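Everything numeric in this text was worked out from a predicted model, so none of it was measured.
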Amino acid sequence: MYRFAEAGMLRRIVRQATTSRPLAWLSARILHRIDRIAYRSTRGRFTFSRWMSGLPVVMLTTTGARTGQPRTTPVLGIPARDGLVVVAANFGQPQHPAWYHNLRAHPRVSVAAGGVAREYDARELAGEERDQQFQEAVRVNPAWLRYRTWAGDRKIPVIRLDQVASELEDR
């Protein structure tokens, strides 16, 4: 559904462009701000990144590891059975994104997409499960292969977000 091979030519070009070092550097610093503005101004219908790339961008709200305050950031949320998978690639930077540290400290998160927010429990994947989900994620966004190289010694975390049981019952 979101696979790279199935995206139109323009969206494939956009996805590939973000794997250039200059655009990845710029994206890491400003794209989340643009996405928040687009998300608010469209009342949760879409983000700028989703519109340009066709990727499943969602708004992830974590609880700050040190502050305890809610922190919302756009991330790629790859649909998986009763949940999502997120990859903490951070555009290939040598450090993990802040949201990763937050969800490690407080694994209950909220994800908003299409104007609807749901609660999830985060669980970092390891071993074969992690590798399998990373490969599935790469089918959606091949940029993660380049980001993995750029990240150097940092192993890019793959996190499974399982929808909270009470949320499933409400559907």
If I compare all heavy atoms of Arg160 with all of Ala80, which pair ends up nearest, and what's the gap?
NH1-CB, 3.0 Å
Reported CG-to-OG1 distance for the pair Leu60 and Thr72, which is rounded to 0.5 angstrom:
7.5 Å
Counting only heavy atoms not in Gln95 (residues, nucleotides, ligands), do more than 12 fall under 6.0 Å from its CD?
yes
For residues 90-115, pull every pair meeting salt bridge (Lys or Arg N to Asp or Glu O under 4.0 Å), keeping only residues two or more places apart or in separate chains.
Arg104-Glu124, Arg108-Asp121
Worked verdict on Leu76 versus Asn141 for side-chain contact (heavy atoms from CB on, under 4.5 Å):
CA-CA 9 Å; Leu76 292 184; Asn141 186 22; 3.6 Å; yes
Might you point out which heavy atoms bring Glu119 and Ser110 nearest each other, and give the distance in Å?
OE2-CB, 3.6 Å
Partner residues of Arg146 under the salt bridge (charged side-chain N to carboxylate O under 4.0 Å, His left out) criterion, sequence neighbours left out
none
Quick check with a 6.0 Å cut-off and a 45 degree axis cone: is Arg118 positioned over the face of Tyr120's six-membered ring?
no
Are the side chains of Arg123 and Ile159 in touch, meaning some heavy atoms are under 4.5 Å apart?
no
Stepwise, does the side-chain contact (heavy atoms from CB on, under 4.5 Å) test hold for His101 with Arg66?
CA-CA 10 Å; His101 298 290; Arg66 286 182 275 177; over 6 Å; no
For Ala105 and Ala65, which heavy atoms make the closest approach, and how far apart are they?
CB-CB, 3.8 Å
Who passes ring pair (Phe, Tyr, Trp, His ring centres under 6.0 Å) against His106, sequence neighbours left out?
none
Do Thr73 and Pro97 have side chains that approach each other closer than 4.5 Å (heavy atoms only, starting at C-beta)?
no
Does Arg154 use its side chain to pair, donor to acceptor, with the backbone of Gln93 at less than 3.5 Å?
yes
Euclidean distance, His96 NE2 relative to Leu103 CG, rounded to 0.5 Å:
11.0 Å
About how many Å separate CD1 of Ile156 and CH2 of Trp150, when rounded to the nearest 0.5 Å?
10.5 Å
Could you check if a side-chain atom of Phe134 sits within less than 4.5 angstrom of a side-chain atom of Leu145, using non-hydrogen atoms only?
yes
Measure the CG-OH distance between Asn90 and Tyr147 for me, rounded to the nearest 0.5 Å.
10.0 Å
Of Val86, Ile78, Val75, the residue whose pairing with Leu161 passes side chain to side chain contact (heavy atoms under 4.5 Å, CB included):
Val86
Nearest heavy atoms of Gly68 and Thr63, plus distance in Å:
O-CG2, 3.4 Å
Evaluate side-chain contact (heavy atoms from CB on, under 4.5 Å) for Thr61 paired with Trp99, printing each intermediate quantity in order.
CA-CA 8 Å; Thr61 301; Trp99 62 261; over 6 Å; no
